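Read through the structure below, which is laid out as structure tokens, and then see the notes.
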Amino acid sequence: MDDARDKGLTLNPKYDDNGLITAVVTDVATGDVLMVAHMNAQALALTIETGLAHFWSRSRQSLWKKGETSGNMLQVRDLRIDCDQDAVWIKATPAGPTCHTGARTCFFRRISAEGLSRVDAAD
């Protein structure tokens, strides 16, 4: 255990071998998980600086600001890092649907023994 990283108050993210850290985004009002993405150091710095969520796209190999083309940005209300600083939790106010499919959250399907089913917004 690295006491300085695990218990201290200095931001020292532990990025993986690809220079990324996992980011979980929840709706500040409802607590619903909206999305999971990855951040590199630049995305985290821009998120802190601007108050808007930025991520690293592993598929496009590029930095992106959530909602840059759709307008559905994520206004950061609280930004936290876990105990060993290898995951970030963003509590945000979404400006619209979070998922690229147009769904409110990326977690709009439930897994069961019968397969996948759509989750109602009230669930």
Side-chain angles (χ1 to χ4, degrees):
M1 179 166 62
D2 179 348
D3 278 345
R5 178 177 271 147
D6 293 351
K7 296 180 182 177
L9 295 178
T10 300
L11 180 61
N12 184 16
K14 185 169 31 173
Y15 297 99
D16 68 13
D17 293 340
N18 297 310
L20 303 174
I21 189 169
T22 301
V24 177
V25 182
T26 61
D27 186 314
V28 72
T30 67
D32 291 343
V33 177
L34 298 175
M35 63 180 284
V36 175
H38 296 86
M39 300 175 122
N40 63 6
Q42 184 182 12
L44 181 57
L46 283 168
T47 298
I48 293 166
E49 179 185 321
T50 67
L52 296 172
H54 289 73
F55 302 101
W56 177 260
S57 171
R58 295 180 299 169
S59 61
R60 293 185 307 262
Q61 290 292 294
S62 63
L63 184 70
W64 59 287
K65 177 169 62 173
K66 177 67 179 137
E68 191 166 32
T69 56
S70 68
N72 298 328
M73 295 186 186
L74 293 169
Q75 180 68 50
V76 176
R77 299 296 181 205
D78 192 12
L79 183 60
R80 300 186 187 191
I81 196 157
D82 75 333
C83 55
D84 57 353
Q85 298 200 41
D86 66 356
V88 174
W89 177 15
I90 301 170
K91 293 182 180 187
T93 301
T98 302
C99 187
H100 73 281
T101 66
R104 189 181 74 75
T105 169
C106 293
F107 294 90
F108 60 90
R109 295 173 290 187
R110 179 173 285 117
I111 303 170
S112 69
E114 291 77 36
L116 297 180
S117 60
R118 189 170 276 289
V119 177
D120 187 327
D123 285 348

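Since the model is a prediction, treat every value here as computed from it, not as a measurement.
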- prompt: Is a side-chain donor-acceptor pair under 3.5 Å present for Thr93 with Arg77?
  reply: yes
- prompt: Do the side chains of Pro13 and Leu44 get nearer than 4.5 Å, heavy atoms only?
  reply: yes
- prompt: side-chain contact (heavy atoms from CB on, under 4.5 Å) with Thr50: which residues, sequence neighbours excluded?
  reply: Leu52, His54
Distance (rounded to the nearest 0.5 Å) between Met35 CE and Thr98 OG1: 7.5 Å
message: Does the Lys NZ or Arg CZ of Lys91 fall within the cation-pi geometry relative to Trp89 - under 6.0 Å from the ring centre and within 45° of the axis?
response: yes
- prompt: At their closest point, which heavy atom of Leu34 faces which heavy atom of Thr26, and how far apart are they?
  reply: CD1-C, 3.9 Å
- prompt: If you take all heavy atoms of Arg5 and Asp84, which pair is closest and at what distance?
  reply: CD-O, 3.2 Å
field: Test item: Gln85 side-chain N/O and Lys14 main-chain N/O as donor-acceptor pair under 3.5 Å
entry: no
- prompt: Got a sec, which residues hit salt bridge (Lys or Arg N to Asp or Glu O under 4.0 Å) with Arg60, two or more places apart in sequence or on another chain?
  reply: none
- prompt: Do you reckon Val28 sits in the same ILVMFWY cluster as Val88, going by side-chain contacts under 4.5 Å, direct or chained?
  reply: no
task: Would you check if the side chain of Gln75 reaches a backbone N or O of Gly51 as a donor-acceptor pair within less than 3.5 Å?
output: yes
query: Within the side chain of Asn18, is there an N or O that forms a donor-acceptor pair under 3.5 Å with the backbone of Leu20?
result: no
statement: Rounded to the nearest 0.5 Å, the CZ atom of Arg109 sits from the CZ atom of Arg118 at a distance of 8.0 Å
message: I need the minimum non-hydrogen distance between Ala41 and Tyr15, along with the two atoms involved.
response: CA-OH, 3.3 Å
- prompt: Taking all non-hydrogen atoms of both residues, which atom of Ala95 and which atom of Gly71 are closest, and how far apart?
  reply: CB-O, 3.7 Å
- prompt: In terms of hydrophobic clusters joined by side-chain contacts under 4.5 Å, are Val76 and Ile48 together?
  reply: yes
- prompt: Does the side chain of Asp86 come within less than 4.5 Å of Asp16's, by heavy atoms?
  reply: no
message: If I compare all heavy atoms of Ala92 with all of Val25, which pair ends up nearest, and what's the gap?
response: CB-CG1, 4.2 Å
- request: Keeping the roles fixed (side chain from Asp82, backbone from Ala87), state whether a donor-acceptor pair exists under 3.5 Å.
  value: yes
message: I need the Leu46 CG to Asn40 CG distance, nearest 0.5 Å.
response: 9.0 Å
query: Does Ile90 share a hydrophobic cluster with Ile21, counting links as ILVMFWY side-chain heavy atoms below 4.5 Å and allowing steps through other members?
result: yes
- prompt: Can we say Asp32 and Arg104 salt-bridge, meaning some charged N sits less than 4.0 Å from an Asp/Glu carboxylate O?
  reply: yes
- line: Shortest non-hydrogen pair, Ala43 vs Trp56, comes out as CB-N, 4.3 Å
message: Counting neighbours of CG on Leu11 that are heavy atoms of other residues, nucleotides or ligands and sit closer than 6.0 Å, is the number greater than 12?
response: yes
task: Could you list who else is in Val36's hydrophobic cluster, with ILVMFWY side chains joined at under 4.5 Å, directly or through other members?
output: Val24, Val33, Phe107
task: Would you check if His38 and Thr22 make a side-chain contact, meaning some heavy-atom pair closer than 4.5 Å?
output: yes
